[in-house]
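The structure appears below as C-alpha coordinates.
In this chain, residues are counted from 1 in sequence order.
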Amino acid sequence: MNITINQVLQSYIDPLTASEYAALERSLLAEGCRDALVLWNDVLIDGHNRYAICRQHGIEFKTIQNTSFTSLDDVMLWMIDNHLARRSVSDFQRGVLALRKKEIVAARSPAPVSAQDAPEGENAPKPPMSTREEVAKAARLSSNQISQIEKIQKAASPELVEAVRSGTISINAAATVASLPPEEQVAAVAGGKKLLRQAAKEIREQRAATRTPREPKIHVSQDTPETGNEPWAENAAQAPSEAERLRGEIASLKQKVAQLQAENVELNQRIATLIDAS
(Lines give C-alpha, C1' and ligand atoms only; values in the text may rest on other atoms or scores of the structure.)
Protein backbone atom coordinates (compact mmCIF):
# COMPACT_ATOMS: atom_id res chain seq x y z
CA MET A 1 0.00 0.00 0.00
CA ASN A 2 1.33 3.41 -1.00
CA ILE A 3 0.75 6.02 1.72
CA THR A 4 1.72 9.63 1.05
CA ILE A 5 2.79 12.04 3.78
CA ASN A 6 1.78 15.62 3.00
CA GLN A 7 4.26 17.90 4.76
CA VAL A 8 1.76 20.77 5.06
CA LEU A 9 -0.79 18.53 6.76
CA GLN A 10 1.87 17.02 9.01
CA SER A 11 2.89 20.50 10.16
CA TYR A 12 -0.55 20.89 11.76
CA ILE A 13 0.32 18.17 14.27
CA ASP A 14 1.94 19.28 17.53
CA PRO A 15 5.06 17.08 17.86
CA LEU A 16 5.00 14.57 20.71
CA THR A 17 7.52 14.99 23.50
CA ALA A 18 10.17 12.29 23.85
CA SER A 19 8.29 10.70 26.76
CA GLU A 20 4.95 10.79 24.90
CA TYR A 21 6.50 9.22 21.82
CA ALA A 22 8.16 6.50 23.93
CA ALA A 23 4.84 5.73 25.66
CA LEU A 24 3.05 5.42 22.29
CA GLU A 25 5.83 3.20 21.00
CA ARG A 26 5.57 0.87 24.04
CA SER A 27 1.79 0.67 23.63
CA LEU A 28 2.02 -0.24 19.94
CA LEU A 29 4.70 -2.86 20.59
CA ALA A 30 2.63 -4.42 23.37
CA GLU A 31 -0.88 -4.19 21.93
CA GLY A 32 -0.45 -3.56 18.21
CA CYS A 33 -2.10 -0.75 16.25
CA ARG A 34 -5.75 -1.03 17.27
CA ASP A 35 -7.02 2.19 15.66
CA ALA A 36 -7.06 2.40 11.88
CA LEU A 37 -5.07 5.12 10.12
CA VAL A 38 -7.30 7.57 8.23
CA LEU A 39 -6.56 8.27 4.55
CA TRP A 40 -7.88 10.61 1.91
CA ASN A 41 -7.11 8.74 -1.27
CA ASP A 42 -3.46 7.84 -0.58
CA VAL A 43 -2.74 10.82 1.72
CA LEU A 44 -2.43 10.11 5.45
CA ILE A 45 -4.60 12.55 7.41
CA ASP A 46 -4.71 10.96 10.88
CA GLY A 47 -2.19 8.68 12.63
CA HIS A 48 1.17 10.09 11.55
CA ASN A 49 3.04 9.06 14.71
CA ARG A 50 1.47 5.58 14.74
CA TYR A 51 2.37 5.14 11.08
CA ALA A 52 6.03 6.07 11.69
CA ILE A 53 6.34 3.66 14.64
CA CYS A 54 4.55 0.82 12.84
CA ARG A 55 6.88 1.14 9.84
CA GLN A 56 9.93 1.24 12.10
CA HIS A 57 9.00 -1.97 13.93
CA GLY A 58 7.07 -3.81 11.22
CA ILE A 59 3.78 -3.60 13.13
CA GLU A 60 0.66 -4.33 11.07
CA PHE A 61 -1.98 -1.62 10.80
CA LYS A 62 -5.33 -1.03 9.12
CA THR A 63 -6.51 1.96 7.13
CA ILE A 64 -9.88 3.53 6.39
CA GLN A 65 -10.87 6.04 3.74
CA ASN A 66 -12.62 9.31 4.52
CA THR A 67 -14.53 10.03 1.32
CA SER A 68 -16.32 13.15 2.52
CA PHE A 69 -13.62 15.56 1.31
CA THR A 70 -13.63 17.25 -2.08
CA SER A 71 -10.40 19.25 -1.75
CA LEU A 72 -7.21 19.56 0.26
CA ASP A 73 -8.74 22.57 2.02
CA ASP A 74 -11.52 20.29 3.32
CA VAL A 75 -8.86 17.96 4.71
CA MET A 76 -6.99 20.86 6.32
CA LEU A 77 -10.11 22.20 8.04
CA TRP A 78 -10.99 18.69 9.28
CA MET A 79 -7.51 18.20 10.71
CA ILE A 80 -7.48 21.65 12.29
CA ASP A 81 -10.86 21.11 13.97
CA ASN A 82 -9.71 17.69 15.21
CA HIS A 83 -6.59 19.15 16.82
CA LEU A 84 -8.35 22.21 18.24
CA ALA A 85 -10.64 19.82 20.13
CA ARG A 86 -7.74 17.97 21.79
CA ARG A 87 -6.62 19.02 25.26
CA SER A 88 -3.04 17.94 24.65
CA VAL A 89 -2.48 20.64 22.02
CA SER A 90 -0.57 23.64 23.42
CA ASP A 91 -2.05 27.15 23.59
CA PHE A 92 0.45 28.38 21.01
CA GLN A 93 -0.33 25.59 18.55
CA ARG A 94 -4.10 26.12 18.99
CA GLY A 95 -3.61 29.79 18.16
CA VAL A 96 -1.53 28.94 15.08
CA LEU A 97 -4.15 26.43 13.91
CA ALA A 98 -7.04 28.85 14.44
CA LEU A 99 -5.22 31.56 12.46
CA ARG A 100 -4.57 29.06 9.67
CA LYS A 101 -8.27 28.14 9.70
CA LYS A 102 -9.09 31.84 9.34
CA GLU A 103 -6.88 32.04 6.23
CA ILE A 104 -8.47 28.96 4.62
CA VAL A 105 -12.03 30.09 5.39
CA ALA A 106 -11.28 33.59 4.05
CA ALA A 107 -9.85 32.17 0.82
CA ARG A 108 -12.93 29.96 0.32
CA SER A 109 -15.50 32.64 1.19
CA PRO A 110 -17.11 34.70 -1.58
CA ALA A 111 -16.18 38.36 -1.89
CA PRO A 112 -17.84 40.34 0.93
CA VAL A 113 -20.98 42.29 0.04
CA SER A 114 -20.56 46.04 0.45
CA ALA A 115 -22.99 48.04 2.56
CA GLN A 116 -24.32 49.70 -0.62
CA ASP A 117 -25.07 46.35 -2.30
CA ALA A 118 -26.75 44.82 0.75
CA PRO A 119 -30.58 44.61 0.70
CA GLU A 120 -32.29 47.69 2.13
CA GLY A 121 -32.58 47.55 5.90
CA GLU A 122 -30.00 44.76 6.23
CA ASN A 123 -26.36 44.92 7.22
CA ALA A 124 -23.78 43.34 4.94
CA PRO A 125 -23.04 39.82 6.28
CA LYS A 126 -19.58 39.21 7.69
CA PRO A 127 -17.66 36.11 6.58
CA PRO A 128 -17.00 33.53 9.33
CA MET A 129 -13.72 33.72 11.29
CA SER A 130 -13.26 37.32 10.12
CA THR A 131 -12.60 38.86 13.54
CA ARG A 132 -9.89 38.29 16.12
CA GLU A 133 -12.58 37.49 18.70
CA GLU A 134 -13.90 34.62 16.55
CA VAL A 135 -10.38 33.25 16.07
CA ALA A 136 -9.76 33.49 19.82
CA LYS A 137 -13.01 31.63 20.57
CA ALA A 138 -12.08 28.82 18.16
CA ALA A 139 -8.66 28.49 19.83
CA ARG A 140 -10.05 28.86 23.38
CA LEU A 141 -7.67 31.77 23.95
CA SER A 142 -8.02 35.50 24.58
CA SER A 143 -7.96 38.08 21.78
CA ASN A 144 -4.74 39.45 23.29
CA GLN A 145 -3.07 36.02 23.04
CA ILE A 146 -4.09 35.75 19.38
CA SER A 147 -2.58 39.20 18.78
CA GLN A 148 0.66 38.07 20.47
CA ILE A 149 0.79 34.89 18.37
CA GLU A 150 0.34 36.96 15.21
CA LYS A 151 3.28 39.10 16.30
CA ILE A 152 5.39 36.01 16.93
CA GLN A 153 4.55 34.64 13.48
CA LYS A 154 5.53 37.93 11.83
CA ALA A 155 8.64 38.94 13.79
CA ALA A 156 10.08 35.98 15.71
CA SER A 157 13.16 34.11 14.56
CA PRO A 158 12.75 30.35 13.89
CA GLU A 159 14.68 29.67 17.11
CA LEU A 160 12.27 31.80 19.16
CA VAL A 161 9.24 30.15 17.51
CA GLU A 162 10.62 26.74 18.47
CA ALA A 163 11.20 27.94 22.04
CA VAL A 164 7.57 29.00 22.48
CA ARG A 165 6.33 25.89 20.67
CA SER A 166 8.28 23.67 23.07
CA GLY A 167 7.09 25.60 26.13
CA THR A 168 10.52 27.04 27.00
CA ILE A 169 9.03 30.54 26.95
CA SER A 170 5.45 31.80 27.32
CA ILE A 171 3.45 33.35 24.49
CA ASN A 172 3.51 36.72 26.26
CA ALA A 173 7.29 36.70 26.80
CA ALA A 174 7.97 35.44 23.26
CA ALA A 175 5.91 38.28 21.76
CA THR A 176 7.99 40.72 23.82
CA VAL A 177 11.35 39.20 22.85
CA ALA A 178 10.21 39.19 19.19
CA SER A 179 10.63 42.99 19.22
CA LEU A 180 14.42 42.51 19.40
CA PRO A 181 16.54 42.23 16.24
CA PRO A 182 16.73 38.61 14.95
CA GLU A 183 20.34 38.09 16.04
CA GLU A 184 19.51 39.17 19.60
CA GLN A 185 16.50 36.83 19.64
CA VAL A 186 18.79 33.94 18.67
CA ALA A 187 21.27 34.91 21.39
CA ALA A 188 18.52 35.05 24.00
CA VAL A 189 17.20 31.62 22.99
CA ALA A 190 20.73 30.19 23.16
CA GLY A 191 20.96 31.43 26.75
CA GLY A 192 18.00 29.26 27.80
CA LYS A 193 14.80 29.89 29.74
CA LYS A 194 16.39 32.16 32.37
CA LEU A 195 17.90 34.53 29.82
CA LEU A 196 14.70 34.65 27.76
CA ARG A 197 12.71 35.68 30.82
CA GLN A 198 15.32 38.27 31.78
CA ALA A 199 15.31 39.75 28.28
CA ALA A 200 11.50 39.97 28.25
CA LYS A 201 11.50 41.60 31.70
CA GLU A 202 14.06 44.25 30.74
CA ILE A 203 12.19 45.10 27.52
CA ARG A 204 8.95 45.60 29.46
CA GLU A 205 10.69 47.79 32.04
CA GLN A 206 12.25 49.88 29.30
CA ARG A 207 8.88 50.36 27.60
CA ALA A 208 7.22 51.34 30.87
CA ALA A 209 9.90 53.95 31.54
CA THR A 210 9.47 55.56 28.12
CA ARG A 211 5.69 55.96 28.28
CA THR A 212 4.56 59.61 28.42
CA PRO A 213 1.80 60.29 30.98
CA ARG A 214 -1.38 61.85 29.66
CA GLU A 215 -2.37 65.35 30.70
CA PRO A 216 -5.56 65.38 32.84
CA LYS A 217 -8.66 66.90 31.28
CA ILE A 218 -10.82 69.39 33.21
CA HIS A 219 -14.53 68.84 32.62
CA VAL A 220 -16.81 71.86 32.65
CA SER A 221 -20.56 71.17 32.65
CA GLN A 222 -22.63 72.89 29.96
CA ASP A 223 -25.97 72.08 31.64
CA THR A 224 -26.18 75.11 33.94
CA PRO A 225 -25.20 78.78 33.54
CA GLU A 226 -21.89 79.83 35.02
CA THR A 227 -22.00 82.01 38.16
CA GLY A 228 -18.35 82.00 39.14
CA ASN A 229 -19.17 80.13 42.33
CA GLU A 230 -19.44 76.64 40.83
CA PRO A 231 -17.57 73.82 42.66
CA TRP A 232 -15.22 73.48 39.72
CA ALA A 233 -14.43 77.20 39.45
CA GLU A 234 -11.59 77.19 41.98
CA ASN A 235 -9.95 74.15 40.37
CA ALA A 236 -10.36 75.72 36.93
CA ALA A 237 -8.59 78.86 38.13
CA GLN A 238 -5.68 76.75 39.34
CA ALA A 239 -5.57 74.67 36.13
CA PRO A 240 -2.93 76.69 34.24
CA SER A 241 -0.27 76.27 36.95
CA GLU A 242 -1.07 72.54 37.26
CA ALA A 243 -0.86 72.13 33.50
CA GLU A 244 2.46 73.94 33.45
CA ARG A 245 3.78 71.61 36.13
CA LEU A 246 2.70 68.58 34.10
CA ARG A 247 4.25 70.01 30.94
CA GLY A 248 7.50 70.41 32.84
CA GLU A 249 7.34 66.78 33.94
CA ILE A 250 6.64 65.67 30.37
CA ALA A 251 9.63 67.63 29.10
CA SER A 252 11.77 65.95 31.75
CA LEU A 253 10.45 62.55 30.78
CA LYS A 254 11.26 63.20 27.13
CA GLN A 255 14.86 63.85 28.13
CA LYS A 256 14.86 60.55 30.01
CA VAL A 257 13.54 58.81 26.90
CA ALA A 258 16.61 59.94 25.02
CA GLN A 259 18.81 58.61 27.82
CA LEU A 260 16.97 55.27 27.90
CA GLN A 261 17.36 54.88 24.17
CA ALA A 262 21.07 55.31 24.65
CA GLU A 263 20.96 52.72 27.42
CA ASN A 264 19.55 50.20 24.94
CA VAL A 265 23.13 49.45 23.99
CA GLU A 266 23.84 48.61 27.62
CA LEU A 267 20.85 46.23 27.63
CA ASN A 268 22.33 44.34 24.70
CA GLN A 269 25.64 44.12 26.56
CA ARG A 270 23.84 42.67 29.60
CA ILE A 271 22.27 39.99 27.45
CA ALA A 272 25.67 39.10 26.02
CA THR A 273 27.14 38.94 29.53
CA LEU A 274 24.34 36.67 30.74
CA ILE A 275 24.93 34.36 27.78
CA ASP A 276 28.63 34.11 28.64
CA ALA A 277 27.81 33.38 32.26
CA SER A 278 25.17 30.71 31.52
Side-chain angles (χ1 to χ4, degrees), residues 1-110 127-132 134-141 145-146 149-150 152-154 156 158 161-162 164-167 171:
M1 177 184 296
N2 181 36
I3 295 180
T4 302
I5 304 297
N6 184 297
Q7 298 299 324
V8 175
L9 296 180
Q10 190 174 25
S11 70
Y12 290 169
I13 303 168
D14 220 7
L16 297 178
T17 64
S19 60
E20 289 171 340
Y21 191 89
L24 178 61
E25 186 174 34
R26 287 194 300 270
S27 174
L28 290 171
L29 288 169
E31 303 174 12
C33 188
R34 295 179 296 179
D35 298 324
L37 310 182
V38 184
L39 302 177
W40 176 56
N41 298 325
D42 64 342
V43 178
L44 181 62
I45 60 175
D46 187 51
H48 288 77
N49 291 305
R50 285 177 286 137
Y51 177 62
I53 294 171
C54 287
R55 287 195 62 190
Q56 180 183 352
H57 296 286
I59 301 171
E60 292 186 1
F61 57 86
K62 296 178 181 179
T63 63
I64 57 172
Q65 282 283 339
N66 190 323
T67 58
S68 64
F69 307 127
T70 59
S71 69
L72 188 60
D73 281 349
D74 289 338
V75 177
M76 290 178 181
L77 291 174
W78 180 82
M79 289 187 66
I80 289 172
D81 287 339
N82 267 4
H83 283 81
L84 286 175
R86 294 177 180 174
R87 295 182 179 180
S88 59
V89 178
S90 68
D91 288 352
F92 177 73
Q93 186 68 356
R94 284 205 310 276
V96 170
L97 290 173
L99 287 167
R100 179 57 181 144
K101 180 176 181 178
K102 176 186 175 183
E103 293 175 0
I104 296 171
V105 170
R108 289 160 59 104
S109 299
M129 297 285 289
S130 60
T131 67
R132 185 170 290 157
E134 289 175 304
V135 176
K137 183 177 180 181
R140 305 197 306 277
L141 300 173
Q145 285 175 305
I146 293 297
I149 291 171
E150 287 178 310
I152 292 168
Q153 288 183 313
K154 291 177 182 177
V161 171
E162 183 56 34
V164 68
R165 185 188 294 275
S166 65
I171 294 172

To the nearest 0.5 angstrom, please state how far the [atom1] atom of [X] sits from the [atom2] atom of [Y].
X      : Y      : atom1 : atom2 : result
Phe92  : Gln153 : CZ    : CD    : 6.0 Å
Gln56  : Tyr51  : CD    : OH    : 13.0 Å
Ile53  : Leu24  : CD1   : CG    : 4.0 Å
Leu77  : Ile104 : CG    : CD1   : 4.5 Å
Asp42  : Ile5   : CG    : CD1   : 10.0 Å
Arg132 : Ile146 : CZ    : CD1   : 8.5 Å

* Arg50 vs Ile59, side chain to side chain contact (heavy atoms under 4.5 Å, CB included): CA-CA, chis, key distance, verdict -> CA-CA 10 Å; Arg50 285 177 286 137; Ile59 301 171; over 6 Å; no

* Asked: Counting heavy atoms not belonging to Arg108, are there more than 12 under 6.0 Å from its CZ?
  ->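 For Arg108, atom CZ is crowded (more than 12 foreign heavy atoms under 6.0 Å).
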
* **Greater than 12 external heavy atoms within 6.0 Å of Arg34's CZ** => no

Does [Y] offer a backbone N or O that forms a donor-acceptor pair with the side chain of [X] under 3.5 Å?
X      : Y     : answer
Arg94  : Val89 : yes
Gln65  : Asn41 : yes
Arg100 : Ile80 : no

* Applying the side-chain contact (heavy atoms from CB on, under 4.5 Å) test to Leu9, which of Val43, Thr4, Leu44 qualifies? -> Val43

* If you measure only the distance, is there a donor-acceptor pair under 3.5 Å linking the side chains of Ser90 and Gln93? -> no

* Asked: Run the side chain to side chain contact (heavy atoms under 4.5 Å, CB included) check on Ile149 and Val164 step by step: do they pass?
  -> CA-CA 10 Å; Ile149 291 171; Val164 68; over 6 Å; no

* List the steps and the verdict of side chain to side chain contact (heavy atoms under 4.5 Å, CB included) for Val8 and Leu72. => CA-CA 10 Å; Val8 175; Leu72 188 60; 6.0 Å; no

* Stepwise side chain to side chain contact (heavy atoms under 4.5 Å, CB included) check, Leu28 with Phe61 -> CA-CA 10 Å; Leu28 290 171; Phe61 57 86; over 6 Å; no

* **Test: Glu134 and Lys137 ion pair at under 4.0 Å** => no

* Asked: With side chains defined as the heavy atoms from C-beta onward, is the minimum distance between Asp74 and Ser71 less than 4.5 Å?
  ->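 Heavy-atom side-chain distance check passes, below 4.5 Å.
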
* Is there side-chain contact between Asp46 and Met79, with heavy atoms separated by less than 4.5 Å? ->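 Contact flag for Asp46/Met79 side chains = no.
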
* Nearest heavy-atom neighbours spanning Ala139 and Leu84 ->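 Where Ala139 meets Leu84 most closely, the heavy atoms are CA-CD2, 4.3 Å.
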
